[in-house]
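Quick notes on the structure that follows.
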2 protein chains.
Amino acid sequence: MSTTTRGRADRRPSITDVAKRAGVSVGTVSNVLNRPDQVSDSTRDRVLVAIEELQFVRNASARQLRAGTIQTVGAIVLDIANPFFTEVARGVEDRLAADEYTLMLSSSDEDPEREARYLRLFEEHGVQGVMVTPSAGSLDGLLALRDRGIDVVLLDTTSPVDDISSVAVDDVRGGALAIEHLVSLGHTRIAFLNGPLTIKQCVDRREGVLAALADAGLDPAASLVEITIGSLNAEGGEDGVNRLLDADGDRPTAMFCVNDLTALGALRALRAHGVAIPAEMAVVGYDDVVFASMLTVPLTSVRQPTHQLGWTAADLLLRQRSEGAAFQHQRVQFQPELVVRGSSDPSA
Amino acid sequence: MSTTTRGRADRRPSITDVAKRAGVSVGTVSNVLNRPDQVSDSTRDRVLVAIEELQFVRNASARQLRAGTIQTVGAIVLDIANPFFTEVARGVEDRLAADEYTLMLSSSDEDPEREARYLRLFEEHGVQGVMVTPSAGSLDGLLALRDRGIDVVLLDTTSPVDDISSVAVDDVRGGALAIEHLVSLGHTRIAFLNGPLTIKQCVDRREGVLAALADAGLDPAASLVEITIGSLNAEGGEDGVNRLLDADGDRPTAMFCVNDLTALGALRALRAHGVAIPAEMAVVGYDDVVFASMLTVPLTSVRQPTHQLGWTAADLLLRQRSEGAAFQHQRVQFQPELVVRGSSDPSA
DNA sequence: ATTCGACGTTGAAACGATTCACGCACTCTA
DNA sequence: TAGAGTGCGTGAATCGTTTCAACGTCGAAT
């Protein structure tokens, strides 16, 4: 059974095989690998030749088992297919590279169960820390993880507890920015395509929405049409618009989408229904992803410092590890910025 | 040193700790974990309680070290930020899930060195197989990997050798489709924003381009303006267009971009230069990513069966493992499809 | 009454690397 | 020439799990 799938060797060569071939002890081979300067030139060369001849590749499991831990951290984002999160991930990688850490990256697809599964997988693999954009309302799992010695930093959401750090953008402000803008254009009946309120970003942006409406003296009951979509992507947006247009009552004149991917789907559905943008429906997205400015109708959006977000989260995580008990937990918060384009403002 | 970063426990509990607490041997705990039906109810319950109380989490390293291998495969794509590849990855995941395999996903960013580094990392971690979209011209590293017992399937490129399987889309045909379309619209001077020829897709699409020109009786030297861009993304596209417009000589009336991300950047730069699309410049992309139909000028593109591509690659890999020596290497090839939109055809 | 198999459990031997106390052979110094 | 110091190398213990031969116990079959 084991020979069928193996080309040549029946078993990958171990450090012992290398030692035998080079005529040294395993300890010496290990030294060549990890402290080459403590080995004489001739011995080192002999070992390196043996490694080359046998095509020896270190066994990470054995290495890690003995060493106890390895320079790896995990990150779980809501949706790896969302350009916003890939840019965040790039920021994380850039910071980790400086300390020679490796990243295990996964997407929860907004499913708390998937999130939990990946967290367990990461833990079994002995990651030193995790960065998570939680998809569940509860932080219990993450707190337990922290108690088991794995550092945790929340990514793109503000921490509700004092003893877990977070790096986020002010989503309340972001939501308010979008609505203030639409209100300033004269809209008084606005649709809000939002995700489930188990996701913190959705809660916060909604809070900003409500606050901005109140500030403008508008009654949410009359001026806001909330549509909850299942997933924060193009399909969700399309679905949300279809439900909105099917519904009875006054059709809103403006729409705020919880992110740009959702807005993309919404625009597609609106176009399919022949709704003019922004004349019949003004649209605002969130994230200002790479293609937002290039759409049929350039998308007004709330911009966030993506790369910096990821970089800072990784920085916090690494500092938390290196500083140990001296580390002060903190909530880093960046400010969002509204980018006005044609999807909301014909004069833009 | 070790206590500073640990919350409570100084060391994560091992199977031995669980055994002690439950008053059984380590073998029994292992049995509870792996063959629960071979353990009596009362013992099993006692062990499970101990596991719960100690918050025991299996150590994947030890597990894998002893078991020799684990249900994991790796995948390396050219650019994780490209929606094309995230869709492919989704297809891979869907197939792997059926066999309870785990995926390690990485992006080479078209850098052969990064690719090699990730391959080594995967190998050290004992993956059973890898799916790779090669960024280097040479397959030596992959062949060596295969000889060391790790199955290899090429992803989104046709295998040049008989003993490595591949799943691809006919890129020669795809390139030809784009050019045939532009020629049929009357264009005789066409720009081709292509990536480096170390990347197989670029070579193949170029071959299709040249073949289609020849079929149309056009001399490439006169009708084709080749621009080589450094990276296959929006920045590359912008850069390519800037160089094209700065150059002397007849300006082409049409442009074929090696992928949609590149086309996005190209469109942005063209707009900045006030070039009308498609009147002054017709543009065709490749991949038909999610936002292609929604751009300022909807993008004509060559569509590929992304999800199926990934699914099939994973299927081939898993079958290769399970069938062993009986497995027949094969080159699966799907056909691309041209989707005509406004960026090339005003009547579309 | 003895033998047998089934069942549940044990305990020790792996897996492959790292680490560290120790030993050996030299050279240098007093 | 003894003693200290230095540079290299050794080999055994260790990490946490899985696996498997072996063992005790009990009920059924002979």
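First the proteins, then the strands, lettered A, B, ... as listed; each starts at 1.
Proximity of A:R321 to A:V73: side-chain heavy atoms (C-beta onward) are nowhere separated by under 4.5 Å. Side-chain contact between B:N59 and B:R12 is present, with heavy atoms from C-beta onward closer than 4.5 Å. Looking at A:T198 and A:P112, their side chains never come closer than 4.5 Å, going by heavy atoms from C-beta outward.
Here A:V24 lies in heavy-atom contact (under 4.0 Å) with sugar-phosphate atoms only. Note on A:S14: only backbone sugar-phosphate atoms sit closer than 4.0 angstrom, heavy atoms only; bases stay farther off. Looking at heavy-atom distances under 4.0 Å, B:S30 makes contact with a base. No engagement by A:G68 is indicated, since no non-hydrogen atom pair under 4.0 Å with the nucleic acid exists.
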| query | Should A:R120 and A:E123 be marked as a salt bridge (charged side-chain N to carboxylate O under 4.0 Å, His left out) after you check the CA-CA gap, both sets of side-chain angles, and the distance that decides it? | reply | CA-CA 5 Å; A:R120 167 156 287 253; A:E123 186 176 9; 5.4 Å; no
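The structure places CG of A:D99 at 5.0 Å from CG of A:L318, a figure rounded to the nearest 0.5 Å.
Taking for each of A:N31 and A:A67 the nucleotide of DNA chain D with the nearest heavy atom, the 5'-most of the two is the partner of A:N31.
Put simply, NZ on B:K20 is 12 Å from C1' on D:dG16, counting in whole angstrom units. Atom CG in B:L54 sits about 12 Å away from atom P in D:dT17, given to the nearest Å. In this structure, A:H125 atom NE2 and D:dG16 atom P are separated by 17 Å, rounded to whole Å. Between the C1' atom of D:dG9 and the CZ atom of A:R46 lies a distance of 11 Å, rounded to the nearest Å. Whole-Å rounding puts the B:N59 CG to D:dT18 P distance at 10 Å. Separating the CG atom of A:L65 from the P atom of D:dA13 is a distance of 17 Å, rounded to the nearest angstrom.
Ring geometry for A:F327 against A:H329 counts as perpendicular: the plane angle is over 60°, on a 0 to 90° scale with 30° as the lower cut.
Between B:E87 and B:R90 no salt bridge is recorded (no basic side-chain N to carboxylate O distance below 4.0 Å).
Counting 5' to 3', DNA chain C first comes under 4.0 angstrom of a heavy atom of chain A and last does so at the ends given by C:dG16 to C:dT19.
The one candidate from A:V88, A:V92, A:V332 that meets the side-chain contact (heavy atoms from CB on, under 4.5 Å) condition with A:L309 is A:V88.
Less than 4.0 Å separates DNA chain C from at least one heavy atom of each of the following residues of residues 35-43 of chain B: B:V39, B:S40, B:T43.
The base of D:dT17 is not paired with the side chain of B:R66 by any donor and acceptor separated by under 3.5 Å.
Residue B:D162 qualifies as open at atom CG: its count of foreign heavy atoms under 6.0 Å is 12 or below.
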